[in-house]
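Not measured: the values here are computed from a predicted model. In the text below, chain A, chain B and the rest are named by the order of the sequence lines, each starting its count at 1.
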Amino acid sequence: MATPINRQTEMTLVQAVTDALRTKLTDDETTLVLGEDVGKNGGVFRATDGLQEEFGEDRIIDTPLSEAGIVGTSIGLAVNGFKPIVEIQFLGFIYPAYEQIMTHVSRIRMRTMGRYGVPMVIRAPYGAGIRAPEIHSDSTEALFTSMPGLKVVCPATPYDAKGLLIAAIEDPDPVLFLESMRSYRAFKEPVPSESYTIKIGKAKYVTEGQDVTLIAWGAMVQVAQKAATEAATRGISCEVIDLRTLYPLDRSTIAASVQKTGRAVIIHEAQATGGLGNDLIALINDTSFLYLRAPIARVTGFDVPVPLFALEDHYIPTPTRVLEAIQRTVDF
Amino acid sequence: METEFPIYRILDDAGHVIDTSKTDLLTKDLSLALFTHMNRIRTFDRKAINLQRQGRLGTYAPLEGQEAAQVGSAYALQDKDWIFPTYRDHGATLTFGADMVRTFLYWNGRVEGCVPTDELHIFPPAVPIATQIPHAVGAAWAEKRKGTTHVAIAYFGDGATSEGDFHEGMNFASVFQTPVILFNQNNGYAISVPIQKQMHSETIAQKALAYGMPSIRIDGNDVFAVYFTMLEAVERARSGGGPTLIEAVTWRFGAHTTADDPSKYRDQERSHDRVDPITRLEDFMKEQGFYDEQEIEAIRNRHQQEVEAAVKTMEAFPPPDVNDLFDHTYATLPDDLLRQKTDYLTARGN
Ligand SMILES: Cc1ncc(C[n+]2csc(CCOP(=O)(O)OP(=O)(O)O)c2C)c(N)n1
Ligand SMILES: [Mg+2]
């Protein structure tokens, strides 16, 4: 018998999402894909391209234009034998479904003492930086990380996207899976053809360093990396952590890094107040306070709605702003 | 239900009058006025698509094919009325009096494009589907409470009728008998999803039955049918008769937006086989002897010039002001937001 060869293909993040969906649709007959324009059109970002041809209209379902309807009916499907993988066209349009997610998706397990789970995945493109029309650029992950019962995942690379999406689909609990639009086609990397998972709840060291820990996720990982490269030319060594899972947080990885460097800069697109950065600060406070050599810095959006695109470059954290924060932290 | 809600038309596809009870009202002045608005917004629309292709405008939602629905409805309104559009209804807002430069600015990601023109009550386009419907109901409710005769109109698509906000708005409108026109442009598609997949009901007009609201299904590409139906609904609303749902059946000739590829989901080659609402009006005008080639040519030239001038003004507009990122979030900026702004501007050397 020939040993199987590990094949891999160069893919973008959005292609890796499609690949993960195809993988699970093939090996789990209870999976369904539901959403607006996911069928014939293959999704407005082509994340479900070709799936309807391959798996049929019965499993790749163009739904009516109703986020509450999509998520609400998916709860019924999920508690009754199916695994709905829902696409919300843009995170900025998830709000009609917020009630269903907040009051039902996240608490049915608790309310039935485990008798029913909701093994549902809600995929949603998010974030600014692609000159999209109004409301298409929101980054409201913290509305969901503060929702007990729900997990929140956000890959930054094609490899992670596939492994994390498969893990999310296999997870017995509901997962919100955030896909950075800016990262969808930003770069390609080799992605294995076979099925694999990446553990939900584990952050990743992107680069190791000694002086400052940079914590980011989604499109902000690349921003952090650019700032780290720039900082290196000034002799500052940064450790970049890609959070990958936004809830539950990887306490030990973050603590270990901050205890080593003694400094942290947190980067996110969402506004400062109520942003996930604040939970990260609490985590560092709880685990590593006495190791800190400087106050933790945040580089975030401002406490304003994400602007129309003519001003979005002023809103989104840039490598320059991150570098300034790194320098402040080191100079403290 | 298609028999209970037959499509009302005044003109047939070739521009012949079929509702002869209206013949006397179809004057040259009216025809020319409607033609002028329709040609103007088409000129705008085609220019916007061109600019987008050249990278001079952001993602844009074309409206070609829906000119009769938008012009016929907006032309029936008066200055003090309220208009709540979607991203595809700038044909209606331009007809109502919205500034063309601002309309271009909107599609260039400029918040200035959301600001209503002069004293007109034009809400910024609603991007989240159906959310504007309750707003229009509320604005109309306010007019009723204030004892005026002003009305509000909500524009929305076929896909929007699947959202809860549509049903909640319909219910409030009828419970409180607000002077609102719920103006649906049924263009057959919500991005790629055809109406047969969007709903199991044969018509949109029939949905009003459940709310005890008058409704009518009309040919949205017959500008006269749209205009006279609107006048009736507006009159009913002004005189205390409450809301009306109008289903204007139409067709979008082009893509959903410039980011959409319609050939993925429909035979786009055949899209233009449908009767063009402007051609239909022109055919009517020709038959009636209202069509003066030179006059029409002059109108066309005027619109070309107007649109070119608006593009120039848009492109010469002062660059976006970073202060606008912060300043309009509250009537008075909270201290901490002011600090965020100052820190940002100081770090950038301002
Ligand atoms: C709440 C919400 N969900 C999804 C979208 C994405 N989206 C934009 S337009 C559109 C289709 C709208 O169809 P319809 O109401 O028929 O209006 P049309 O575009 O045809 O004018 C969708 C799904 C949105 N803007 N808002
Ligand atoms: Mg439509």
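Proximity to chain A (any heavy atom under 4.5 Å) is shown, for B:Tyr60, by neither the backbone nor the side chain. Proximity to chain B is absent for every atom of A:Glu312, based on heavy atoms less than 4.5 angstrom apart. For A:Phe93, the part lying under 4.5 angstrom from a heavy atom of chain B is the side chain only. Looking at A:Glu57, the atoms closer than 4.5 Å to chain B (heavy atoms on both sides) all sit in the side chain, from C-beta outward. The part of B:Asp321 that comes within reach of chain A is its backbone (N, CA, C, O), which places non-hydrogen atoms under 4.5 angstrom from that chain. There is no contact between B:Pro124 and chain A, counting heavy-atom distances below 4.5 Å. Only the side chain of A:Gln89 comes within less than 4.5 Å of a heavy atom in chain B; its backbone stays farther off.
The choice from B:Leu337, B:Val193, B:Asp158, B:Ile191 that makes the most heavy-atom pairs within less than 4.5 Å of chain A is B:Ile191. Between chain B and the residues A:Leu65, A:Leu308, A:Asp303, the most heavy-atom pairs under 4.5 angstrom are made by A:Leu65.
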Begin from the C-alpha positions of B:Tyr344 and A:His314 and carry the test side-chain contact (heavy atoms from CB on, under 4.5 Å) through to its verdict.
-> CA-CA 9 Å; B:Tyr344 179 68; A:His314 286 291; 2.6 Å; yes

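Atom CG of A:Asn41 sits about 11.5 Å away from atom CZ of B:Arg266, to the nearest 0.5 Å.
With hydrogens and angles ignored, the 3.5 Å screen pairs no side-chain donor or acceptor of A:Glu134 with any backbone N or O of B:Val127.
Remark: B:Lys264 engages A:Asp49 in a salt bridge, criterion side-chain N to carboxylate O under 4.0 Å.
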